[in-house]
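Reviewing the structure listed below.
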Amino acid sequence: MSKIHVLDTHLTNMIAAGEVVERPGGIVKELVENAIDAMATTIDIKIIEGGMQLVEVSDNGEGMSADDLSRAFERHSTSKISDTDDLNAILTFGFRGEALPSISSVSQVEATTNNGDTGHRIFIDNGKKRDVVRFARNKGTTIHVRNLFLKTPARLKYIKNIHYENSIIQDTVQKFALGRPDIAFSLTLDDRMVFRSYGTGDVMDVFHRIYGGTITEDSRRFEASNYDFKIEGVAALPQHNRSNRYAIWLYINDRMIRYPKAQKAVVDSFRRHMPTDRYPIVVMKITVDPQLVDVNVHPSKWEIRLSKEDQLVSLIQNHLEALLSEGMRPQKITIKPSLPEQTDMRDALQNAIIETQKEIYIEENFVKNTILSSTFDDESEVTSEPVNITDMPVIDTPIFTHDYRVEEKETAFIPQTPYPSEPKPIEVLIEPLTVLSQLSGKYILAQGDAGLYIIDQHAAMERVRYEYYQDKLLNKDVPMQDFLIPMIIEGRQKLIGQINAINEVFRPFQMQLEVFGDDAFVLRAVPVWIDEAEVHEFVNEVLDMFETDKVVREEDVRRNVIATLACHSSVRFNEFMSMEAMETLVEQLRHTQQPFHCPHGRPTFITVEHNQLIKEFKR
C-alpha cells in the first residue's frame, strides 16, 4: 500500500492558512488588497472583538459575477495573473489565489457582490461551500469573516488580547490609507469609528489624520529619482521621533513592505540628527520597474527581493541627508496648560525643561575605548579624570584652553582661536543671542527675538569641536606615530580577501592594514590625534561591520571617530562656565554649519517662544 497520498483541498487550505491567516490583521490586509485590485474608491472596515467575532470589509469596486464568486474561493484561483510572464511583472496586490480559500477554511465567510448587473451571495462554513444565490446590493463586494479559528483551538490560544489585535488592524488600515491617499478608508472598532480618510489624493491630509497637526507642521515632503528608482513621501523633522522603527513605513509600487536595507538607509540618514536609540517618522513610496522586484517570497507578501538595491540605498541616503540639512529648525518646548494656577511659573518652566531633556541625556564622559560604536548607551562607564585640552595631540591651537587648576567652582575657559581660524562664508542659522546665565551647571540660558534659548552646553561644544576637528584634521595630512610593537588583529580569516576594501575605509585616517598570516592583520602606525589605547576597538568595530555585511560608508566611519574625539574634549555636564566662556561658545555655535544637533544626534538647544510665555502668564 502506498504511503504517499495527495491531501484533500480542505486540508491544504488549512495548511496554507497557517501562513496567510496569522491573525485578524492579516485577514484585513488580504481583503483590503482585493478591494484595491477591484478598483474600489471607498473601503469600509468593521471589526468586532479584535476580529475574532467579525471582520467585515466592504468596497464599491468592480464586483464579481456568480461564477467568479464561486471560483474565487477555490485554491489558486485568481484574476491577477495567467502565465509565467505575468509573475515576472506583478502590478496587483494579490496574485497567489490563496487568501480567500485559506480564510474560509478556518472561519465562517459570507460574501456578497454585484458586478453592476446582478448581485449574488455565497456562504462558506470552515471550508464547506454552499450554493451561490441571488442577492440585492449596490455595485461592489462585502465579505464578512466570523468566528475565526473557532474550530482550530491551537491557533486561537496564540491570539493576543482584543486591544492588541485592534492596534495591529488600525496600523494596517492607516498604512493602506497613506499608501493610497486617493481611496477613502474608514475603520470601525466595536461600533466606534477610530479612523477615516476621505480619498482626496493628498498624502499630507492622511498624514495629519494619523500623526496630528504638530508633527505634520514639522514634516517635509520629498521626491527624488535616479535611472532605476523614484522615491517620494513625507519625513518628520528629527525632533519628532519614536523609540522603535515602526514609524518607518515603506511601499514599493504602492505595496506596503518590510525591507530592512531601505529601512536602515532611512535610519542612517537621520543618525546625525537624533540619538542612536531614537528612530524617525518617515513614509516613503518607492517606484521601480516591476521586473526588478520579486514579491513572490512569502504568502503574506510583506517580504520582497530587489535588484540594484545598492542604487536605492544610495538614493535614499543622499536625498534624505540633503533634505534634513536644508530643513533643520530649532526644537520648541510646549508647556502644558493643565498646570495648577497657583504653581510658580519658574517651577513650570523647570519641569518642562526636565521633561524635554529626559530623552536628551548627555553622559559626563563616554567609554574611552568606544571609537566606532554606533550607539552611546546611557549606562556607559564614565571616566572621572578631566580632559585637559591643552595636552591633546592636535596640530593647531584648540578653540579653548581649559584650566582645571582653578579652585573655584567656575571653569575658566579662555578663547584662544576663533572658530574657524580662517572664517569661511557660511549661512548663520541662529539669530544673534544675548547670554543671560547658566542653569544648574548644565544649560546656558540666552535670549533672542524668538524667545528663550536653553542650550545644552556639552552638546553645543561637541558640535563646535566636531566641525573644528573635521576641518583641521581630516582635510590635510597629519603626523603619524609608529607602534613600538605592531598591533595584531587575529581571528579574521573570513576578511583576508577583502583587504583592499577594508583599507579604502581606513585610507582617510592614513591607516593601512597588512595581511599577517592566514587569519590576522597587522597595523604599524596611526595618526597622532587618535589615542593609541582606542585604536584596537576602532579597528575591530570596522572589521565587525564587514563580517556582518553591513555597508561601511567612509563618511559614517569618519563622523563617528571625530564625534568621539569631540566628546572627550568638550565641557562636561555639571560644570560651571564663566560668562565670557558661555558667550564665546554660543557665538561659535551660531556659526557652525549645522548648529541644531550634536554629532550624536542630540539637540543642542530648544526654544520657549514669547507667545507661549505670554499665554502661560495669561497676559
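Hydrogens, waters and symmetry mates play no part in the numbers below; they use all other heavy atoms, side chains included.
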### Query
Okay, side chain of Lys129, backbone of Ser70: is any donor-acceptor separation there less than 3.5 Å?
yes
### Query
Taking the side chain as C-beta and beyond, is there a heavy-atom pair between Ile454 and Leu452 under 4.5 Å?
yes
### Message
I'd like to know whether Lys264 forms a side chain to side chain contact (heavy atoms under 4.5 Å, CB included) with Lys261, so could you lay out the CA-CA distance, the side-chain angles of the two residues, the decisive distance to 0.1 Å, and finally the verdict.
### Response
CA-CA 5 Å; Lys264 182 180 182 300; Lys261 289 190 176 181; 5.8 Å; no
### Query
Looking only at side chains, do Glu431 and Tyr453 share a donor and an acceptor under 3.5 Å apart?
yes
### Separation between CD1 of Ile614 and CD of Glu609, rounded to the nearest 0.5 Å
11.0 Å
### Message
So for atom CG, which belongs to Asn138, do other residues, nucleotides or ligands contribute more than 12 heavy atoms lying within a distance under 6.0 Å?
### Response
no
### Query
Measuring from His163:NE2 to Ile168:CD1, what's the distance to the nearest 0.5 Å?
14.0 Å
### Task
Decide if atom CE of Met193 counts as having more than 12 heavy atoms of other residues, nucleotides or ligands within a radius under 6.0 Å.
yes
## Note on the structure
Across all chains, not counting sequence neighbours, the side-chain contact (heavy atoms from CB on, under 4.5 Å) partners of Gln170 are Gln174, Leu187, Leu189, Val194
### Task
Enter the distance from Leu31:CG to His144:NE2 here, rounded to the nearest 0.5 Å.
11.5 Å
### Task
State, yes or no, whether a side-chain contact exists between Asp456 and Phe605 at a heavy-atom distance under 4.5 Å.
no
### Heavy-atom donor-acceptor pair, Asn241 side chain to Pro238 backbone, under 3.5 Å
yes
### Query
Do Asp44 and Ser186 get their side chains close enough for a donor-acceptor pair, meaning under 3.5 Å?
yes
### Message
Any non-hydrogen side-chain atom of Val55 less than 4.5 Å from a side-chain atom of Ile103?
### Response
no
#### Entry: Pairs satisfying ring pair (Phe, Tyr, Trp, His ring centres under 6.0 Å), at least one member in residues 239-264, at least two apart
none
### Query
To the nearest 0.5 Å, how far apart are CG in Asp218 and CG in Leu237?
5.5 Å
### Task
Can you measure from NZ (Lys175) to CG (Leu250) and round to the nearest 0.5 angstrom?
9.0 Å
### Task
Report the C-alpha separation of Leu292 and Asp289 in whole Å, then their side-chain angles, then the decisive distance to 0.1 Å, and conclude whether the side chain to side chain contact (heavy atoms under 4.5 Å, CB included) test is met.
CA-CA 6 Å; Leu292 297 179; Asp289 186 333; 4.3 Å; yes
### Task
Name all residues meeting the salt bridge (Lys or Arg N to Asp or Glu O under 4.0 Å) criterion together with Arg137; count only those two or more places apart in sequence or in a different chain, and write none if there are none.
none
### Task
Please list all pairs passing the salt bridge (Lys or Arg N to Asp or Glu O under 4.0 Å) test where one or both residues lie in residues 47-56, with sequence neighbours left out.
none
### Query
Do Lys285 and Asp254 sit within salt-bridge range, that is, some charged N less than 4.0 Å from a carboxylate O?
yes
#### Entry: Contacts of Thr141 that satisfy side-chain hydrogen bond (donor to acceptor under 3.5 Å, both in side chains) - sequence neighbours left out
Thr113
### Message
Has Asn60 got a side-chain atom pairing as donor or acceptor with Thr41's backbone, closer than 3.5 angstrom?
### Response
yes
### Message
Assess whether a salt bridge exists between Glu303 and Arg258, defined as any Lys/Arg side-chain N lying under 4.0 Å from an Asp/Glu carboxylate O.
### Response
no
### Query
Which residues pass the side-chain contact (heavy atoms from CB on, under 4.5 Å) test with Ala460, sequence neighbours left out?
Ile455, Leu585, Leu589
### Summary
side-chain contact (heavy atoms from CB on, under 4.5 Å) filter on Lys139, not counting sequence neighbours, yields none
#### Entry: With sequence neighbours excluded, residues passing side-chain contact (heavy atoms from CB on, under 4.5 Å) with Thr287
Lys230, Glu232, Asn253
### Task
For Asp228, check salt bridge (Lys or Arg N to Asp or Glu O under 4.0 Å) against everything at least two apart and list the hits.
Lys308
### Query
Is there a side-chain contact between Glu110 and Thr112, using heavy atoms and a 4.5 Å cut-off?
yes
### Query
Can you tell if the side chain of Ile45 reaches within under 4.5 Å of the side chain of Thr188, non-hydrogen atoms only?
no
### Summary
residues 184-210 vs salt bridge (Lys or Arg N to Asp or Glu O under 4.0 Å), sequence neighbours excluded, gives Asp202-Arg221, Asp205-Arg209
### Query
Where the side chain of Gln594 meets the backbone of Phe596, is there a donor-acceptor pair that is under 3.5 Å apart?
yes
#### Entry: CG on Asp171 to CG on Asn166, rounded to 0.5 Å
12.5 Å
### Task
List the steps and the verdict of side chain to side chain contact (heavy atoms under 4.5 Å, CB included) for Leu312 and Ile231.
CA-CA 9 Å; Leu312 174 61; Ile231 60 172; 4.0 Å; yes
### Message
I'd like to know if the side chain of Arg463 and the backbone of His597 have a donor-acceptor N/O pair within less than 3.5 Å.
### Response
yes
### Task
Take Ile143 and Leu100 through the test side chain to side chain contact (heavy atoms under 4.5 Å, CB included) and record every step on the way to the result.
CA-CA 10 Å; Ile143 295 184; Leu100 289 180; 3.9 Å; yes
### Query
salt bridge (Lys or Arg N to Asp or Glu O under 4.0 Å) with Lys46: which residues, sequence neighbours excluded?
none
### Message
What I'd like to find out is whether the side chain of Arg134 reaches to under 4.5 Å of the side chain of His120, using heavy atoms alone.
### Response
yes
#### Entry: Whether Asn318 side chain and Ser314 backbone form a donor-acceptor pair below 3.5 Å
yes
### Task
Name all pairs fulfilling the ring pair (Phe, Tyr, Trp, His ring centres under 6.0 Å) condition that reach into residues 172-214, sequence neighbours left out, sorted by first residue then second.
Phe207-Tyr211
### Query
Is Ser104 reaching over with its side chain to a backbone N or O of Pro101, donor-acceptor style, under 3.5 angstrom?
yes
### Task
Answer yes or no: is there a side-chain heavy-atom contact under 4.5 Å between Val106 and Leu148?
yes
### Message
Could you tell me if Ser105 and Asn126 have a donor-acceptor pair between their side chains, going purely by distance under 3.5 Å?
### Response
no
